[in-house]
Peer 1: 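One structure coming up, written as structure tokens, with questions to follow.
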Amino acid sequence: MMKIKKMYKKLNAHRNSLMQKYNAEDLHQVRVGVRRVRSLLKKIPTKSSQKLRKQLSLLIQKTNPARDWDTLLINGETYLTRDEYLNVRPIVENYCVQLHNDVYDALNENIWDAPIASSKTYLHRNKKTSEDNALLLSDNYAPVLLRKYIVAYRRNHSNAWHDLRVSVKTLRYQLEHCHSQSKFHKERKKAMIALCKQLQTHLGDWHDSVVHEALIEQLLERRDQYTIETNAIFNHWKLLLGLSGYENINRVKLLFVKHRDLFRQDVIA
């Protein structure tokens with residue numbers, strides 16, 4: 001279980017490093033840290049915790065565009081040949097740089113300090129409630145997760161898969177905050193966390209594919225500004241992203257089949 005003090009220390013360290021010099025990984029870790037805080041606040045069902053969760057959510061939302069373009073630039077090295085990547089990199093980098101200033105604005109001390117400090121104080125004051133509710137919420141979330149997977153499987157719609165992705169992250173953070181004396185058996189809890197990490201990876205890669213396809217389509221709206229070769233690269237990249245998204249959803253389906261015993265005793269008929 002990650003201690004509250006340690007969690008905030010790590011979160012602020014990445015934020016301070018990011019404010020000194022932009023780094024995509026620091027931004028990613030800031031976003032992960034804020035989501036962990038929000039998952040703990042969710043275990044305390046009060047108006048105050050809801051207000052804090054909303055404030056922290058706004059911090060994340062303001063950094064979404066920068067994160068999306070950063071990951072597009074990074075993933076381009078995986079999908080494209082070296083020459084293809086060098087061709088389109090300046091175009092993508094231009095979008096990234098423009099959005100980095102938005103990150104600095106969103107995370108400046110006037111916006112950052114108040115909700116972060118307030119949430120830390122609130123979690124310390126309600127630590128016992130948070131830990132007690134962690135046991136109940138994490139126990140209840142396994143069947144919720146399975147139901148969300150069934151909905152996503154049947155509908156096969158991006159909104160449903162995204163809902164599952166959010167649920168996987170929530171369950172993982174809930175479990176990681178539980179004491180070893182929770183109702184989850186230690187080995188079962190460990191197996192569930194491991195499964196959530198795998199699901200989170202594949203659903204995260206799927207989500208990136210969907211977002212990146214949309215960004216490339218945005219670039220192609222300015223196809224008149226690019227060479228025929230550059231447009232061809234963008235179209236090829238978009239095709240590869242679509243295939244990657246399909247493959248990652250199939251990996252998610254296989255994981256639920258492989259680990260179905262983890263959910264069996266939680267299913268409510």
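Atom set for the values below is all heavy atoms of this structure, side chains included, hydrogens, waters and symmetry mates excluded.
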Peer 1: For Tyr85 and Tyr79, indicate whether the former's side chain and the latter's backbone hold a donor-acceptor pair under 3.5 Å.
Peer 2: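 No; zero donor-acceptor contacts below 3.5 Å.
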Peer 1: A side-chain contact here means heavy atoms from C-beta on lying under 4.5 Å apart; do Gln55 and Leu59 qualify?
Peer 2: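 With C-beta onward as the side chain, the pair stays apart.
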Peer 1: With side chains defined as the heavy atoms from C-beta onward, is the minimum distance between Arg223 and Leu220 less than 4.5 Å?
Peer 2: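 Side chain of Arg223 against side chain of Leu220, heavy atoms only: contact under 4.5 Å found.
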Peer 1: Cluster question for you: counting only ILVMFWY and a side-chain heavy-atom cut-off of under 4.5 Å, with indirect links fine, are Leu239 and Leu80 together?
Peer 2: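 In one cluster with Leu239: Leu80, no.
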Peer 1: Does one hydrophobic cluster hold both Ile150 and Phe256, with members joined at side-chain heavy-atom distances below 4.5 Å?
Peer 2: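 Yes; tracing contacts between hydrophobic side chains, which count when under 4.5 Å, links both residues.
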Peer 1: Please answer: with hydrophobic residues joined when any side-chain heavy atoms are less than 4.5 Å apart, are Val37 and Leu27 in the same cluster?
Peer 2: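 Result: yes, single cluster for both.
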Peer 1: What residue among Arg89, His236, Glu229 forms side chain to side chain contact (heavy atoms under 4.5 Å, CB included) with Glu84?
Peer 2: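 With Glu84 as partner, Arg89, His236, Glu229 yield a single side chain to side chain contact (heavy atoms under 4.5 Å, CB included), made by His236.
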Peer 1: Walk me through whether Val210 and Trp161 qualify under side-chain contact (heavy atoms from CB on, under 4.5 Å).
Peer 2: CA-CA 11 Å; Val210 172; Trp161 289 115; over 6 Å; no
Peer 1: When you measure from the side chain of Arg125 to the backbone of Tyr122, do you find a donor-acceptor pair of N or O atoms at a distance under 3.5 Å?
Peer 2: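 Looks like no, no N/O pair under 3.5 Å.
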Peer 1: His212 and Asp68: which non-hydrogen atoms are nearest, and at how many Å?
Peer 2: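 Result for this residue pair: NE2-O, 3.4 Å.
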Peer 1: Distance from Ile111 atom CD1 to Leu58 atom CG, nearest 0.5 Å?
Peer 2: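 Ile111 atom CD1 to Leu58 atom CG measures 10.0 Å (nearest 0.5 Å).
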Peer 1: Report yes or no: does Ser244 contribute a side-chain atom to a donor-acceptor pair with the main-chain N or O of Leu241 at less than 3.5 Å?
Peer 2: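 No; judged by distance alone, with no hydrogens or angles, the pair does not exist.
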Peer 1: Just by modelled atom types, is the Tyr173 backbone N or O under 3.5 Å from a matching donor or acceptor in the Ser39 side chain?
Peer 2: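 No, the answer is negative, given that no donor and acceptor are paired below the 3.5 Å cut-off.
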Peer 1: Quick check: closest heavy atoms across Trp206 and Gly245, and the distance to 0.1 Å?
Peer 2: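 Shortest heavy-atom separation between Trp206 and Gly245 comes out as CD1-O, 3.6 Å.
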Peer 1: Return the minimal non-hydrogen interatomic distance between Ala160 and Ala152, and the atom names on each side.
Peer 2: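 Heavy atoms only, the tightest pair is CB-CA, 3.6 Å.
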Peer 1: Measuring only between side-chain heavy atoms, which start at C-beta, is Lys148 closer than 4.5 Å to Arg165?
Peer 2: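 The answer is no, as the side chains (C-beta and beyond) never meet within the 4.5 Å cut-off.
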Peer 1: Between Ser167 and Tyr149, is any side-chain donor less than 3.5 angstrom from a side-chain acceptor?
Peer 2: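 Checked: Ser167/Tyr149 side chains show no N/O donor-acceptor pair below 3.5 Å.
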Peer 1: Is there a donor-acceptor pair under 3.5 Å between the side chain of Asn108 and the backbone N or O of Asp105?
Peer 2: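 At least one qualifying donor-acceptor pair exists.
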Peer 1: Measure the shortest side-chain to side-chain distance between Gln29 and Lys10 over non-hydrogen atoms and say whether it is less than 4.5 angstrom.
Peer 2: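 Yes, close enough: below the 4.5 Å cut-off.
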Peer 1: Is atom OH of Tyr246 surrounded by more than 12 heavy atoms (other residues, nucleotides or ligands) closer than 6.0 Å?
Peer 2: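 No, OH of Tyr246 has 12 or fewer neighbouring heavy atoms, counting only those of other groups under 6.0 Å.
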Peer 1: Mark yes or no for whether Asn94, through its side chain, and Pro90, through its backbone, hold a donor-acceptor pair below 3.5 Å.
Peer 2: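 A pair under 3.5 Å: no.
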Peer 1: Below 4.5 Å, heavy atoms only, C-beta onward: do Glu93 and Leu73 meet side chain to side chain?
Peer 2: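 A side-chain contact exists here, since the closest heavy-atom pair is under 4.5 Å.
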Peer 1: Checking the side chain of Asp163 only, and the main-chain atoms of Asn159 only, is there a donor and an acceptor separated by less than 3.5 Å?
Peer 2: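 Such a contact is absent between Asp163 side chain and Asn159 backbone.
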Peer 1: Can you say whether the rings of Trp69 and Tyr95 are parallel (under 30°), tilted (30 to 60°) or perpendicular (over 60°)?
Peer 2: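 Parallel: the ring planes of Trp69 and Tyr95 meet at under 30°.
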Peer 1: Side chains of Asn16 and Trp112, heavy atoms from C-beta outward: is any pair under 4.5 Å?
Peer 2: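 The answer is no, as the side chains (C-beta and beyond) never meet within the 4.5 Å cut-off.
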Peer 1: Does the Arg67 side chain pair with the main chain of Asn64, one donor and one acceptor, at a distance under 3.5 Å?
Peer 2: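 Judged by distance alone, no pair lies under 3.5 Å.
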Peer 1: Which atom names give the shortest non-hydrogen contact between Ile74 and Ala24, and what distance separates them?
Peer 2: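 Heavy atoms only, the tightest pair is CD1-CB, 4.1 Å.
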Peer 1: I'd like to know whether Lys47 forms a side-chain contact (heavy atoms from CB on, under 4.5 Å) with Lys51, so could you lay out the CA-CA distance, the side-chain angles of the two residues, the decisive distance to 0.1 Å, and finally the verdict.
Peer 2: CA-CA 6 Å; Lys47 289 184 178 180; Lys51 181 179 179 180; over 6 Å; no
Peer 1: Grouping I, L, V, M, F, W and Y whenever their side-chain heavy atoms are under 4.5 Å apart, do Leu11 and Tyr104 come out in a common cluster?
Peer 2: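 Both belong to a single hydrophobic cluster.
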Peer 1: Centres of the Phe234 and Tyr226 rings: under 6.0 Å?
Peer 2: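 That pair passes the under 6.0 Å test.
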Peer 1: Taking everything shown except Lys253 itself, do over 12 heavy atoms lie less than 6.0 Å from its NZ?
Peer 2: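 Yes, enclosed.
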Peer 1: Quick check: closest heavy atoms across Pro65 and Leu99, and the distance to 0.1 Å?
Peer 2: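 Shortest heavy-atom separation between Pro65 and Leu99 comes out as O-CD1, 3.6 Å.
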Peer 1: What distance do Ile233 atom CD1 and Asn87 atom CG have between them, rounded to the nearest 0.5 Å?
Peer 2: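 Between atom CD1 of Ile233 and atom CG of Asn87 there are 3.5 Å.
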Peer 1: In Å, rounded to the nearest 0.5 Å, how long is the span from CZ of Arg53 to OG1 of Thr46?
Peer 2: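 Answer rounded to 0.5 Å: 11.0 Å.
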Peer 1: Can a side-chain donor-acceptor contact be found between Asp70 and His100 if the only test is distance below 3.5 angstrom?
Peer 2: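 Side chains of His100 and Asp70: pair found under 3.5 Å.
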Peer 1: Out of curiosity, does Val211 fall in the hydrophobic cluster containing Val32 (side-chain heavy atoms, cut-off under 4.5 Å, transitive links)?
Peer 2: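 Cluster IDs for Val32 and Val211 differ.
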Peer 1: In Å and rounded to the nearest 0.5 Å, what is the CG to CD distance from Asn231 to Gln225?
Peer 2: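 Here the rounded value is 10.0 Å.
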Peer 1: When you compare the side chain of Leu219 with that of Val88, does any pair of heavy atoms fall below 4.5 Å?
Peer 2: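 No, their side chains stay 4.5 Å or more apart.
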Peer 1: Could you tell me whether a side-chain N or O of Ser209 sits under 3.5 Å from a main-chain N or O of Asp205, the two making a donor and an acceptor?
Peer 2: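 Yes, Ser209 side chain to Asp205 backbone: donor-acceptor pair under 3.5 Å.
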Peer 1: So, taking the atom named CG in Leu52 and the one named CG in Leu41, what distance separates them when rounded to the nearest 0.5 Å?
Peer 2: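 So the gap between those two atoms works out to 5.5 Å.
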Peer 1: Can you tell which of Leu195, Asn250, Thr201 makes a side chain to side chain contact (heavy atoms under 4.5 Å, CB included) with Leu255?
Peer 2: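 It is Leu195, the one option of Leu195, Asn250, Thr201 that forms the side chain to side chain contact (heavy atoms under 4.5 Å, CB included) with Leu255.
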Peer 1: Can you tell me how far apart CD1 (Ile60) and CZ (Arg38) are? Round to the nearest 0.5 Å.
Peer 2: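 Spacing of CD1 (Ile60) from CZ (Arg38) equals 8.0 Å.
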Peer 1: Please step through side-chain contact (heavy atoms from CB on, under 4.5 Å) for the pair Lys120 and Ile116, ending with a clear verdict.
Peer 2: CA-CA 6 Å; Lys120 182 178 181 180; Ile116 295 299; 5.6 Å; no
Peer 1: Would you check if there is a donor-acceptor pair between the side chains of Arg15 and Asn12 at a distance under 3.5 Å?
Peer 2: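 Result is no, nothing qualifies.
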Peer 1: Through direct or indirect side-chain contacts below 4.5 angstrom among Ile, Leu, Val, Met, Phe, Trp and Tyr, which residues connect to Val151?
Peer 2: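 Reading the cluster by chain and number, Val151 sits alone, since nothing else belongs.
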Peer 1: Identify the heavy atoms of Cys196 and Val168 that sit nearest to each other, and give their distance.
Peer 2: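 Residues Cys196 and Val168, closest heavy atoms: O-CG1, 3.4 Å.
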